[in-house]
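One structure is given below, encoded as structure tokens.
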Amino acid sequence: MFIEIGIVALKLIGILIVYLIVRAIGNRVLSGIFAKYESKENISVGRARTLESLTKNVFGYALLFILIVTILQLVNIDVTALIAGAGIVGLAIGFGAQGLVSDVVTGFFILLEKQIDVGDYITTGEFSGICEEVGLRQTKIRGFDGTLHFVPNREITSMSNHSRGNMRAMIDIGISYDDDIDKAIKVLQDVCDEVAASNTAILDGPNVVGVQELGSSDVVIRVIGQTANMEQWAVERELRKAMKEALDRNGIEIPYPHQVYVQKEA
């Protein structure tokens with residue numbers, strides 16, 4: 001009996017040693033994989049650590065489950081019922097917390113696929129703003145009025161990221177039907193060239209593309225340019241101011257609604 005107990009004890013020690021070795025090697029391999037992934041894909045440190053921590057936790061729990069089952073089999077305990085019971089319990093927990101599971105899975109793929117980064121201007125559902133945090137359970141979006149929106153990841157069914165690549169500045173400005181269109185286009189293009197020479201946020205253009213629309217009281221001329229990320233609004237504001245001043249200097253009217261009162265004599 002003592003010999004059998006000694007053999008079982010030695011086997012337990014051996015299993016524990018193998019478990020510790022496999023866990024250490026596995027964690028080291030995962031750390032190396034995510035270090036290479038971070039350097040190659042140029043992802044943020046926070047995102048890489050989040051993915052690494054999640055992967056290590058899943059690996060650790062799976063390895064611990066295998067260890068427990070192996071030890072139980074070593075002491076001649078039938079693990080079939082245990083595995084079946086664990087499956088039933090896991091199924092019940094899954095049904096009860098399916099929203100949380102969906103949040104975590106969706107958050108994992110958002111992080112893995114680099115769909116958004118902190119500081120990006122995004123739109124998802126009815127919310128638009130600057131992303132302040134991307135987590136496994138929820139994403140935080142700061143609206144332009146200062147409101148902080150907490151969006152569960154499972155509700156992010158579609159998303160638009162406005163911060164990838166250069167952005168477009170687009171301005172539509174109307175002139176009167178009585179004004180010379182060619183002269184107005186030349187004045188606006190001169191303004192665009194002057195602003196582009198002094199503003200480093202402008203990467204291409206801006207250029208007057210021509211008449212966009214014949215409105216009810218004005219001729220709409222469109223101007224388009226490429227700007228650095230998140231600089232399109234500031235560029236548009238600067239261009240509008242400069243265009244208004246240039247049109248005024250050249251006597252080109254920007255039409256606005258007028259009301260005419262006609263009084264009939266008795």
task: Please name all residues satisfying side-chain contact (heavy atoms from CB on, under 4.5 Å) with Ile254, sequence neighbours left out, ordered by chain then number.
output: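 Partners of Ile254 by the side-chain contact (heavy atoms from CB on, under 4.5 Å) criterion, ordered by chain and then number, come out as Ile173, Lys244, Leu247.
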Given side chains that start at C-beta, do those of [X] and [Y] come closer than 4.5 Å, heavy atoms only?
X	Y	value
Glu231	Asn199	no
Cys131	Thr139	yes
Ile171	Arg240	yes
Ile130	Asp120	no
Thr123	Ile141	no

message: Would Met243 and Val223 count as a side chain to side chain contact (heavy atoms under 4.5 Å, CB included) here? Give the steps.
response: CA-CA 11 Å; Met243 288 176 180; Val223 177; 3.6 Å; yes
Which heavy atom of [X] sits nearest to which heavy atom of [Y], and what is that distance?
X	Y	value
Ser176	Pro255	N-CD, 3.6 Å
Pro206	Cys192	O-CB, 3.3 Å
Val195	Ala242	CG2-CB, 4.1 Å

Co-membership, hydrophobic cluster, residues [X] and [Y], 4.5 Å side-chain:
X	Y	answer
Trp233	Met167	no
Ile21	Val29	yes
Val18	Leu67	yes
Leu30	Ile66	no
Val22	Tyr19	yes

message: Evaluate Arg222 against Met170 for side chain to side chain contact (heavy atoms under 4.5 Å, CB included), listing each step before the verdict.
response: CA-CA 7 Å; Arg222 173 161 291 184; Met170 184 176 68; 3.5 Å; yes
Atom pair [atom1]/[atom2] of [X] and [Y] - distance to nearest 0.5 Å:
X	Y	atom1	atom2	result
Thr227	Leu203	OG1	CG	6.5 Å
Arg23	Arg28	CZ	CZ	13.0 Å
Tyr177	Leu214	OH	CG	4.5 Å
Glu132	Arg142	CD	CZ	4.0 Å
Ile185	Ile175	CD1	CD1	7.5 Å
Leu188	Ile252	CG	CD1	7.0 Å

- request: Indicate the ring-plane relationship of Tyr121 and Phe144, choosing parallel, tilted or perpendicular according to the 30° and 60° boundaries.
  value: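 Perpendicular.
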message: Could you walk me through whether Phe127 and Ile122 satisfy the side chain to side chain contact (heavy atoms under 4.5 Å, CB included) test, starting with their C-alpha distance in whole Å, then the side-chain angles of each, then the deciding distance to 0.1 Å, before giving a yes or no?
response: CA-CA 8 Å; Phe127 303 113; Ile122 63 174; over 6 Å; no
- prompt: When you check the gap from the basic side-chain N to the acidic O, do Lys186 and Asp182 get nearer than 4.0 Å?
  reply: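 Result for this pair is no, no salt bridge flagged.
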message: Given 3.5 Å as the limit, does a donor-acceptor pair link the side chain of Asp145 with the main chain of Thr147, or not?
response: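 Yes: the side chain of Asp145 pairs with the backbone of Thr147.
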task: Please lay out, stage by stage, how Ile224 and Asn207 fare under the test side chain to side chain contact (heavy atoms under 4.5 Å, CB included).
output: CA-CA 6 Å; Ile224 294 178; Asn207 297 308; over 6 Å; no
field: Neighbour count >12 (heavy atoms, 6.0 Å) for atom CZ, Arg168
entry: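 Check fails, neighbour count at 12 or below.
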